[in-house]
Amino acid sequence: MSESKDFLRTIVEKDLESGKCKEVVTRFPPEPNGFPHIGHAKSIFINFGIARDYNGHCNLRMDDTNPTKEDTKYVEALEDAVQWLGFDFGDNLYFTSDYFPKIYDYAIKLIKMGKAYVDSLTEEELREYRGMVKEAGKRSKYAERTVEENLNLFERMKNGEFKDGEHVLRAKIDMGAANMKMRDPLLYRIKHAHHFRTGDDWCIYPMYDFAHCLSDYTEGISHSICTLEFENNRDIYNWVLEELELELPRPYQHEFARLGINYTVMSKRKLLELVEGGQVNGWDDPRMPTIAGYKRRGYTPESILNFCDQIGIAKANSMVDVAQLEFCIRDDLNKKVPRVMCVLDPIKVTIQNYDGNEEIDAPYYPHDVPKEGSRKLPFSSEIYIESDDFMENPPKGYFRLTPDQPVRLKHAYIISCKEVVKDTNGNITEIIAEYSPESKSGSDTSGIQVKSAIHWVDAASAKAVEVRVYDRLFKDETPEGIEDINPDSLSVIKDALIEPAVITDKHDDRFQFERQGYFYTDPVDYTDEKPVFNKIVGLKDSWAKKTKASEPKPKPQAKKVQVDGEVVAMSEVQKALFEKYTGEFGLNSEVANILARDEHLSSFYKETLSILNSPVSLANIVVNEVARELKQMQESELKFTTKQIAERVKMVDDETISSKIAKVVFEVMAKSGEDPTQIVEDKGLVQISDPSKILPIIDEIIAKNPDNVAKFKAGNTKLLGFFVGQVLKTTGGKANPKVVNELVAEKLK
RNA sequence: UGGGGAUUCGCCAAGUGGUAAGGCACUAGCUUUUGGUGCUAGCAUUCACAGGUUCGAAUCCUGUAUCCCCAUCCA
């Protein structure tokens, strides 16, 4: 768990504290119409994670209200994903379809209450009547049907007397609602389709907006967490539960931003295109961002979970860098996995001064991984090394084998190049080398200094294996479709050479191939005869970065220029008011502008002015503080009066209280409607301006924070605010900040 | 008659009137028989922009800009 709390947990804690909910119950509610991807993992992590953190529980619920899209194979994949990630839903596996009878009863209830009606418009009419985003819709004439008619029609819908699309059940809300979703949303539609669980029991199915809130309610969900695109649906969610007069506690919906990762796509539609178009080999293709894909690629659940934790939860649409995910899997595997040697692109090396063969004992784990285990490494005069690890004409900074530079064979001897054998085209086919007999790893007395140790395999005993190297699926950071596909996202190496112990020992199913990356024994295609490894992720490669660093270079982007929009002109009346405010009252133009344009504020202001003649201070409080309250409620709902505002302003004007305390007083006032003088008296908030009382506190704080004093004296003048803040904190905000400022500045000079 | 969200470093993201957390990425240096790991240090005088309020503003107020969502009998 990260140290800071996310906004959802903050809400949960608040609800627990206030008693709004007694037990935390969440749910992960996918529609079983596709394979889960890493976005689902985020949702699983959030829902199950929150339930776990607050000793509640989380249900797994299949939201199966659309029979034409859903299937049980997806149910299985979803269950598997949750379990693979390490979460236990126990008996709490539910299906919305189990609630169909209950939801039907609720629909009847709503009809009887006159809050739902059967509509018989065609699909086109329905759309037309809904209106536009900028204009109200109009209600269907069928909305006038009586309760009896509606009951009768709805029953007949259920009984299958109508064809698809002939009728729907709608909530009677408001066809003119600014929120389009509230324009008499559909509750039920007719669908003569076979449901994978309820079979042909039903031919009407509830819509998401009706089924979801009621399913949450019947499961006793406390926090219904979903993604941002459902923000507009929240109104219906609450409407249904409210209008049905369901008993408290009720669930409340909260939304977070869905996960986006660069160089990949996440929508079901686009993923499906990839599978159906043959761009990938099925839903579990290791390049897919699906759980099945990551699983087959060799990602660990721990790494995915850790990733979900690192990226956090917020409401801003965002695109996470895939490097963050890659870091998580490397970080996890680094601590767990045995190191072995595999040469992907072999070149033969003949060690001319070595005779016979031997077996070298080599540990599976490096010094910094506290795990035990080793294997035998056969060694002889014929070996293979990576062709990248030899260069005839090396660039500066190349640490590997060259005609002039010896290199260590990891776990074995130091060799140096004696001769390079080439074919007729000038390609290197073999390297003739010599080894230093005294240089054996662990008992090196040769004194030869090498710059690096490279991996290798013994020619006679190495096994040929297939290695599938995966790269990002798309070449574009924010891919649109298949046109952005990376043509090199998969390269299959048919004849890589691996040390024999990997195949015979079966020490693990994930390995680090030294200096290359992490690899996984493919769970589908791997056999002892034909071993297949999937590349999970490469090691960080700062050499590769260095060699091609010259090309890309970050483009220095100019700071965005702000375009100023147009400001609406003032009416004549407003202009006159503005003139009066700036001229007669001496308000600054900004304050005068706000006041003049807002009828409520200006009338409020006028009233306060008649009580206290302090135009500037009053204007400031009205424009800032009162405006905030007015944003949240009607003028008639305000707890405080103009008289109280005037009173509070007066206290600041005559320095009875500081402006800081004034804020506190205002808050209390806004909440309780108490008189400001009373508040100040009750809480003893009169400000302290006497330096002799403040000085000792300053001394104390200075004594407690020698570091910050030093920083301040070194020129960090921002810290003045820190000291002032500390003084105010210890005095409960009562110290006169102006005085404190002066005194602190004086003290620290 | 439009409404609802969002905006803090290259990418995520804390922060809710008193010293701009953390992770990834990046850049150095040290360690290293993996150009890995580990360790150390450096990376936002500034929070979309412009004003205002305040002793003090990322945080409160006003305005502006940009992006996302909503007009499926999908979820």
Side-chain angles (χ1 to χ4, degrees), chain A residues 2-6 31 33 63 65-66 69 123 126-127 130-137 164-165 168 176-181 183 186 188-191 207-208 212 228-234 255 257 262 310-312 314-321 323-324 327 330 334 339 366-369 397 399 408 410-411 441 444 450 452-455 512 514-516 539-544 546 554 560 562-567 588 590-591 593-594 597 620-621 623-625 627-628 658-660 663 708 711 716 718-726 728-729 736-742:
Chain A
S2 20
E3 289 165 44
S4 50
K5 230 174 299 143
D6 56 79
E31 182 188 13
N33 71 341
D63 208 5
T65 57
N66 186 357
K69 291 185 172 181
E123 210 175 323
L126 213 55
R127 185 162 40 240
R130 195 147 28 215
M132 292 299 195
V133 105
K134 291 189 185 187
E135 67 191 47
D164 286 11
V168 292
N179 177 358
M180 295 287 291
K181 292 263 154 153
R183 321 248 257 226
L186 272 55
Y188 265 91
R189 78 288 213 186
I190 300 169
K191 232 174 216 221
M207 302 289 289
Y208 165 85
H212 204 88
L228 246 29
E229 66 267 29
F230 292 100
E231 275 173 328
N232 295 325
N233 299 61
R234 190 174 58 228
E255 310 87 11
N262 59 9
Q310 283 188 9
I311 57 174
K315 295 190 82 149
N317 290 313
S318 55
M319 185 71 81
V320 178
D321 194 336
Q324 187 105 27
F327 166 82
R330 274 192 208 108
N334 176 50
R339 320 287 142 124
H367 64 96
D368 49 354
V369 175
F399 293 166
R408 171 172 301 280
K410 177 96 182 173
H411 300 302
S441 188
D444 185 353
V450 291
S452 77
I454 62 172
H455 60 280
Q512 184 194 107
E514 294 241 20
R515 305 207 300 136
Q516 311 208 79
L539 256 28
K540 252 178 82 173
D541 190 349
S542 44
W543 170 242
K546 217 172 181 175
K560 277 182 208 154
Q562 179 73 20
V563 183
D564 287 338
E566 272 183 49
V567 177
N588 74 44
E590 177 72 13
V591 172
N593 188 17
I594 298 166
R597 283 169 185 276
N620 284 339
I621 188 172
V623 163
N624 289 289
E625 254 84 337
R628 179 173 62 234
S658 66
S659 58
K660 190 184 177 75
K663 297 258 183 198
N708 282 337
K711 275 197 230 167
N716 190 349
K718 276 186 299 189
L719 253 30
L720 187 66
F722 165 75
F723 289 108
V724 175
Q726 290 297 310
L728 259 64
K729 204 170 162 188
N736 182 335
K738 275 183 209 164
V739 175
V740 174
N741 255 309
E742 281 167 27

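Protein chains get the first letters and strands the later ones, always in sequence-line order, with residue 1 at the start of each.
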At less than 4.0 Å, is any side-chain N or O atom of [X] found next to OP1 or OP2 of [N]? Yes or no.
{"X": "A/Lys718", "N": "B/A20", "result": "yes"}
{"X": "A/Ser4", "N": "B/A13", "result": "no"}
{"X": "A/Asn588", "N": "B/U53", "result": "yes"}
{"X": "A/Arg515", "N": "B/G35", "result": "yes"}
{"X": "A/Arg127", "N": "B/U72", "result": "yes"}
{"X": "A/Arg130", "N": "B/G2", "result": "no"}
{"X": "A/Ser318", "N": "B/A13", "result": "yes"}
{"X": "A/Arg628", "N": "B/U53", "result": "no"}
{"X": "A/Asn620", "N": "B/U54", "result": "yes"}

Measure from [atom1] on [X] to [atom2] on [N] and round the result to the nearest Å.
{"X": "A/Asn334", "N": "B/G35", "atom1": "CG", "atom2": "P", "answer": "14 Å"}
{"X": "A/Leu539", "N": "B/U37", "atom1": "CG", "atom2": "P", "answer": "7 Å"}
{"X": "A/Asn317", "N": "B/U66", "atom1": "CG", "atom2": "C1'", "answer": "13 Å"}
{"X": "A/Leu186", "N": "B/C70", "atom1": "CG", "atom2": "P", "answer": "17 Å"}
{"X": "A/Met319", "N": "B/U7", "atom1": "CE", "atom2": "C1'", "answer": "16 Å"}
{"X": "A/Leu720", "N": "B/G18", "atom1": "CG", "atom2": "P", "answer": "15 Å"}

Is any side-chain N or O of [X] under 3.5 Å from a base N or O of [N], one able to act as donor and the other as acceptor?
{"X": "A/Glu625", "N": "B/U53", "answer": "no"}
{"X": "A/Asn232", "N": "B/G3", "answer": "yes"}
{"X": "A/Asp368", "N": "B/G36", "answer": "yes"}
{"X": "A/Gln726", "N": "B/G18", "answer": "no"}
{"X": "A/Lys315", "N": "B/U7", "answer": "no"}

Checklist entry - Partner of B/U64 by Watson-Crick or G-U wobble geometry, both contacts under 3.5 Å, or none? => result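 Looking at the geometry, B/U64 pairs with B/A48.
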Next on the checklist: Only pairs with both distances under 3.5 Å count, Watson-Crick or wobble alike; so what is the partner of B/U19 in this structure?
Outcome noted: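 Pair assignment: B/U19 / none.
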Item to check | Basic-acidic side-chain contact under 4.0 Å: A/Arg234, A/Glu255 | outcome: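 A salt bridge is present here (some side-chain N lies under 4.0 Å from a carboxylate O).
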Every protein N/O lying under 3.5 Å from an N/O of nucleotides 55-58 of chain B:
| from | atom 1 | to | atom 2 | distance (Å) |
| --- | --- | --- | --- | --- |
| B/C55 | O2 | A/Asn741 | ND2 | 2.4 |

Using the [atom1] atom as the point on both nucleotides, what is the distance between [M] and [N], in whole Å?
{"N": "B/U46", "M": "B/U59", "atom1": "P", "answer": "15 Å"}
{"N": "B/G22", "M": "B/G4", "atom1": "C1'", "answer": "31 Å"}
{"N": "B/A20", "M": "B/G56", "atom1": "C1'", "answer": "15 Å"}

Item to check | First of A/Met132 and A/Arg408 reached from the 5' end of RNA chain B, by closest nucleotide | outcome: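 Going by which nucleotide is closer to the 5' end, it is A/Arg408.
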Item to check | Position toward the 5' end of RNA chain B (nearest nucleotide), A/Ile454 or A/Met180 | outcome: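 Looking at the nearest nucleotide for each, A/Ile454 comes out on the 5' side.
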Checklist entry - More than 12 non-hydrogen atoms from neighbouring residues, nucleotides or ligands closer than 6.0 Å to CE on A/Met132, yes or no? => result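 No.
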Next on the checklist: Could you tell me if A/Arg597 and A/Asn593 have a donor-acceptor pair between their side chains, going purely by distance under 3.5 Å?
Outcome noted: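 Looking only at side-chain atoms, A/Arg597 and A/Asn593 do form a donor-acceptor pair, the distance falling under 3.5 Å.
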Next on the checklist: Of the listed nucleotides (B/U7, B/G2, B/G35), which one gets closest to any side-chain atom of A/Ser452?
Outcome noted: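 So the side chain of A/Ser452 is nearest to B/G35.
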